[in-house]
Every structure is written in C-alpha cells, then in structure tokens.
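Report on the structure given below.
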Number of protein chains: 2
Amino acid sequence: MLSERKKQILKAVVNDYVLTAEPVGSNALVKRHKLDVSSATVRNEMSELEDLGYLDKTHTSSGRIPSDKGYRAYIDYLLEVKPISIPEQKKIENFFDGQMSEVLAIIKRSVKVLSEQTDFPAMMISPHYKETSLEQIKFLMIEPGKILIVVVLSPGIIKDRLIRVPTVLSQTQLSIINKMIERNLTGVTLDQITLISVSAAMEDVPVPESILNQILFEAYISIKQAENIEFYIEGTHRLLSQPEFNDVETAQQFLQTIHQEGLIAGYMSEWDEHKKMLSPQMSESGPQSGSDSTSDYYLESAEKPSYMVRIGQEIALEGLEDCSFITAAYKVSDKITGRIGIVGPKRMSYDKIISQINFVNHTLDKEISDLTQEYDPEED
Amino acid sequence: MLSERKKQILKAVVNDYVLTAEPVGSNALVKRHKLDVSSATVRNEMSELEDLGYLDKTHTSSGRIPSDKGYRAYIDYLLEVKPISIPEQKKIENFFDGQMSEVLAIIKRSVKVLSEQTDFPAMMISPHYKETSLEQIKFLMIEPGKILIVVVLSPGIIKDRLIRVPTVLSQTQLSIINKMIERNLTGVTLDQITLISVSAAMEDVPVPESILNQILFEAYISIKQAENIEFYIEGTHRLLSQPEFNDVETAQQFLQTIHQEGLIAGYMSEWDEHKKMLSPQMSESGPQSGSDSTSDYYLESAEKPSYMVRIGQEIALEGLEDCSFITAAYKVSDKITGRIGIVGPKRMSYDKIISQINFVNHTLDKEISDLTQEYDPEED
DNA sequence: GTTTAGCACTCGAGTTGAAAGAGTGCTAAA
DNA sequence: TTTAGCACTCTTTCAACTCGAGTGCTAAAC
C-alpha cells in the first residue's frame, strides 16, 4: 500500500495533469498544493512512484504524468465523487419533458444531455431484450396488403414494423393467424423464439401456405428485430477541443475507430455478460466527511452507483489505448439493462464526469420506470 | 461570355485545384493539360480571369484558386456529370436489402451510403408531410392503460406513439372515440388539423370529459408529430481527412456549426419552399458525346437530374462560407419530397459527387416507391 | 495584335542554431 | 529523512536564412 504522502502526491499529480494537460513537475506541485515539504522531497517520492508504475515521464527531464495504473489507483482509492449541484440537477431534469413515449427516445435524449453536460462524446447501447418474454404480438391491417406488426415485450416495450402481403388476405384470416401465434408465443423469452416455434401449431388455417409462411416469417423477423442491440454515439466533435486531439491525424484515427460499425457496441455489450468477473471498481475512499448534506442527493434512495471506468490499455480495442470509457448501467426492468456513458482521452475530470453520469443515469432510470409502469391516476 | 480558351483554363484550374488542394500556377497547368500555348499566355489569361472574378490568389506571388464565381461557372457550364460505373451502381443497390419497412429508415440508409461513397458527411431532411392528408388513425389498446396511436398518412407512411390513459377506459369506449376522430379527420391535410378540429363533433361520448380531452390531446400530438421535419447527418468525421480542415480550430468550428440543432435543417427545408426563385443550376454542357452506352443509365427514364449546388458565400449561414452543399430532392409521393446530400469544403470533385448523389437519390426514390406502392404479387 | 522568352521580384515553407526555461537526478550537508 | 545546490537534459521559441514556385512586366518574335 502506498504511504499517505505518496497517495497525496499521486492525487495531486492526477488533478493537476487533468487540469493543465501538461506534465507536472515537483516545483509546481509544491506550489499549487501547499505541500509542506520541499520540491526535492516530492521529486524523490515521484521517482519512487514512477518505479512503482504509477507515474510516467514523457522524456528524461520532463514532469510526470499518470500511468494507466496511476489513473486506476486514483479512481479506485482516491476519487471523491460529489453530487452535482441542484441547479445542474434541475437543468438535466428539464431536458426530459415527459413527452417522450419510447424507451429508446428517452435513452437517446440522455445521451444528448450527457454529451452536453460533460462536453465529451456520449454513447449508449440499447437494452438487451433477449431474456425478455413476448407479451403480445398484434397484426393491425392498415389497408389491404399492408399490415403493421406490433410486438409488445413484458416491461411494456413496443416495437413495430410494417409489412406487405398479398391483398387476398382478409381481416378475419389475419385475426386467426394472429391468435394462433399469440397463443403459441406469449410468455416465451425472445432468445427462445425460433422460426420453428413461430410456425409450430399452425393447423387448419384457412390461408394459402405460401402467404401463411410469409406472414410467419415476417412475424419472426419483427420479434427478432426487437432484440437487436443498437449503438448510438453523439457529440464526437467535442473531442476536438481536447489538447490530445490537437493533431488532426490522431483525431481522425480516433474518430474513425469510434465510428466503426459495431466495434464499440460489441465491446460494450460484452461487459454485462460476464459481470461477475469484473472488479467492483468502487472506491471505498471515505470522503463522505463532506456530507454537508446540501442536497437531497439521489443516493439516499439506497442505490449504489453503478458506474464503470475503463482506462487506456484496459480497453481491448485497437486504437483506443489512450482513451477512457466511463459508463453506467441503466435499467428498463430488473432483468433488462443497457449502458450509457462517455468516451474521452484518459486525461479527464473523472470526478465531475462520474457525478454527471450518475445523475443522468439516475434520471434516465426514473423516466423509464415512469414510462413502463402502470398508469397511476394519483400522478400529475 | 468567356472565350473558349478561358473556359478551358478555368476548367483546368478547378480540376487541378480540386485534386491537389494547392494553388495552381501557369507552368503546372501547361504541363499537366498539354495546352499548346506557353505559360506566359496562360499567365495573361489567368490574370484576366482574376480581373473578371473567376479566380483568386492567396497572396501576390502564388498560383490561382477558383473563386466562388469560378466554381459557379464551372458547375453551371463546364461540368460533365457522368454516370457512375455499373459495379458502383450494384454496390449502392446492394446496400438496400429490401428489409427496411420504414421510409425514414431507407432515407437514413441512403445517407450512410452516400457518406461512404463520397467520403464526405452526408445528410438528409425528412419529407414534409404538412400537405399530406391523414388517411387513418388507429387506437390500439395494448393493455389496460396503454394505447398505441397509429397515424397513417396517404402515401402509406405510418407513425406511431404510445400513450397512457387511466385504466377505466374500456376497449369499447376507445373504439367509439377512435371512430369519431377518424370520421372527422380522414382526408384532411396535416397542416389544417388543429386541436379544435380534433375535438370537434365529439358528442355523446360515454367517457368522462377529462379522459376524453386527454386522449384527444394525445391524438393531436401524434398527428403533429408526424409532420415534424427531422434532420440527420452522418460521417462528419470524414471531413478531417480534407486538407482544409488540417487546422483543428477550423475543423472544430465547422463541426460545431454543423451540429447546431436545427440550423442546417431549417436552412435546407427553406429551399423547396421558394423553389422557383432558384436558378436551374443545370449545365447544358453537351458532353453526351461520350454515350458509349456502357450502362442502362437511369437517366434514360426521362428523369431530369434534380441536384442543387450551393457554394461558399451562397450559403447564408455563418461559419459555412468555405463550404459547399450538394443536395438532391427525393420523392415520397408527387407532393411529398425531402432532400438528401453532402457537405464539404468548396474544393471537391463536383462531378464525381454529383453522379454519386444522382444515383443514390435515384435508388432511394425507387426503394421508397416500392415500399409505398400497393403490393404487387408479380414481384419477388 | 497576339504570343513568348527572359528576368526581377514576392512570398511562403522549411531549416538551422542559439537562447530560454522547466524539470530532473545526484550529492552532500542539515 | 529532508533539503539546498548544481550540473545536465530536453523541449520550445524565435529570428535569420535559404530555396523555390509563381507572378508581372518588358521587349522581342510571330
């Protein structure tokens, strides 16, 4: 374990470096942080911190910058995440006008808010619906030949899709097919639904087989489409204001990687699969001393913050070695979750950003649960 | 009118500058284009072209670059737009897998294709549905308290929206409201529908007024939502590979402007309002000599290309003075159109990009009409 | 009258070298 | 164990300089 002083110095280095983007030297450190030791002592300590792998140098006679290990220690043990101010909370809440009726729309809105609040690119992956069960599937004949297939999942998620069929199909025939499919599939989880299970138990349907098959296929596609994971990123241009992207080459390379179809989506969606394998990432860091309780902070509700930080090399994606992800899991229902978060250079104000993510995520959860819950006349 | 030689030189300057991004000098011009005059002559001609406003200099002893007027002349009179190659056509067509059932999804796909094909940011504005009439509105009770409102517009466009109502509302009551609204509004154009017209003629509905009002309001919102114009841009990061954005400051400023909510959307959506005021923009440019008819080019179908180019100062948006827009109008139905196109620095390969846009737009039109048309059993 | 060769001039881009400054590591004394 | 002192290293900055591409003008050639 690091000595108290080493911790203090590491923390100071990270804080300064995050602020200035310049390697920080022993003199500056003593001055800015009123350490009551000399710069020479700090120098010695820093040298040891470097040997231990917490700090790096850009060249022999430069100041130090945190290494990945340094950042990790900072985040796990030294970070104090404070709630954001009430005006800021209000500001975020105001972004959600309650008009949105789709889960995905609300999540995307959160991404926008997050990006604006942090001035970093923000992103999300849509919820995993695989283990969700199908509640209803409705065939709505819009006009002869056009059918809207509405898929309703158990937590009240609705997806729909328009298909075309031969006009010979009548409303009555459609209803029969609809009822049969529904009887067959209601309550089954999405990942267990196959084309075969959709088609099963279709007996004595007074519809030509080719048309029936087509409808069954479309129904199957509609269901499968509901479990698609979507990735969405917004505000990538904000990165350009970060000094680490002053070089256009770097910026371009980064943006290209980030925009690579499915790359990050796939990577992020893995995280929650082997959730247990990951270290808790939460700082015990007893700062709660600063509990002047200026706010009815959302943590009161016994929620544990659930953010996750991935730093530099911890990100196993080529081209993102110098970046960090900070994400949090939002909840659509107990079983259904997705992730929302930001990307940026490793050098970022972890505390501020984490507190923003925490609150946005909290608000998002609330909005979604408002939406998916039964209507409560006591509201409004 | 410019002399033949001046035209030739202007064209050569634009072509070279587009290629190299360097001011082009008289020597280089003679060499690259095998003009059978000396560089001195070219110099004199260029000097005159500068006096006439077609060319500019970056400093006293530099080569020339095209001015806005130069680009305009180039596009209006000198440009030869050739169809893209058949492999490229195939490539574009393959992007549309026929699986998409939503107009907006198809348009967005086109934007993606366009951006990839041109390596520029591509964008769209969604169709104007204001003058479209409401064909149907359906209330689908998903479960007690949750209703899916489905709005069907005349060319087969479908939008929907989930709302919540008090659970006391029964299926039957809902059907009555639904029928009344439908009787009232079917065939009315969207811009003529007001909250009042939605509420009108509601008599003897066996539903508490507060609930009725709520439903009417939600129905109104759903209809209005259908006419929202959406703007979408993709691939902005591609700009960074353009030398004019080598400077991060410039790039950042541009991207910020571009991402400003509604700015471009508003600007673009104006274009088609005063359509007649705009010059035809089409080169008469008799190049069709190269009609080795290697392709069953889409122009055969008597369509006139409908692209529009806005160059530099012609764009009345602060911060985009050094850019060009190239857009084309796509068609959802005879009356309903939107725009799709790209943005980039003024210096771009107009011919290549225009031909890409033409073809993508053509394909888009086809896809949409396939979708909105009645089902034809002869297909597939 | 038009075209061209020749030449002086201009300006930007790139190179070099010196000086300044920030920071380190080490040594020896406190 | 801490600190002052100092030599050393490396980056950054800036001015001076060179190089080269390109122009504009003049006078001769066609």
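Since we're looking at a predicted model, the values are computed, not measured. So you know, we letter chains A, B, ... as the sequences are listed, proteins then strands, and number each from 1.
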Could you check how far CD of Glu45(A) sits from P of dT2(D), rounded to whole Å?
-> 7 Å
Can you give the dot-bracket line for DNA chain C, where a pair is Watson-Crick or G-U wobble with both atom distances under 3.5 Å, crossing pairs use [ ], and | marks a partner on another strand?
-> ||||||||||||||||||||||||||||||
Take atom NE2 of His59(A) and atom P of dT11(D), then tell me their distance rounded to the nearest Å.
-> 5 Å
Result block: side-chain N/O donor-acceptor pairs under 3.5 angstrom for residues 248-257 of chain B, not counting sequence neighbours:
| from | atom 1 | to | atom 2 | distance (Å) |
| --- | --- | --- | --- | --- |
| Thr250(B) | OG1 | Asp247(B) | OD2 | 2.9 |
| Thr257(B) | OG1 | Gln253(B) | O | 2.8 |

Check side-chain contact (heavy atoms from CB on, under 4.5 Å) between Lys352(A) and all other residues, then give those that pass, not counting sequence neighbours.
-> Ser349(A)
Gln117(B) and Gln356(B) side chains, donor-acceptor separation under 3.5 Å = yes
Over how many whole Å does the gap from Lys6(A) atom NZ to dT1(D) atom P extend?
-> 10 Å
Atom CG of Asn246(B) and atom P of dA13(C) are separated, to the nearest Å, by 12 Å
Residues that Glu261(B) engages under salt bridge (Lys or Arg N to Asp or Glu O under 4.0 Å), provided they are two or more places apart | Lys112(A)
Please answer whether the main-chain N or O of Lys57(A) pairs with a side-chain N or O of Ser62(A) as donor and acceptor at a distance below 3.5 Å.
-> no
OP1 or OP2 of dT4(C) sitting under 4.0 Å from any side-chain N/O of Thr41(B)?
-> yes
Applying side-chain contact (heavy atoms from CB on, under 4.5 Å) to Thr60(A) and not counting sequence neighbours gives none
Which atoms of nucleotides 18-25 of chain D (N or O only) lie under 3.5 Å from a protein N or O atom, and what are those distances?
| from | atom 1 | to | atom 2 | distance (Å) |
| --- | --- | --- | --- | --- |
| dT23(D) | OP2 | Ser26(B) | N | 3.2 |
| dT23(D) | OP2 | Ser26(B) | OG | 2.7 |
| dT23(D) | O3' | Lys57(B) | NZ | 3.3 |
| dG24(D) | OP1 | Lys57(B) | NZ | 2.7 |
| dG24(D) | OP1 | Arg64(B) | NH2 | 3.3 |
| dG24(D) | OP2 | Arg64(B) | NH2 | 3.4 |
| dG24(D) | N7 | Arg43(B) | NE | 3.3 |
| dG24(D) | O6 | Arg43(B) | NH2 | 3.3 |

Starting from P on dG23(C), measure out to CD1 on Ile65(A) and report it in whole angstrom.
-> 14 Å
Val18(B) backbone acceptor or donor facing Arg347(B) side chain under 3.5 Å = yes
Can His33(A) and Asn15(A) be counted as having a side-chain donor-acceptor contact under 3.5 angstrom?
-> no
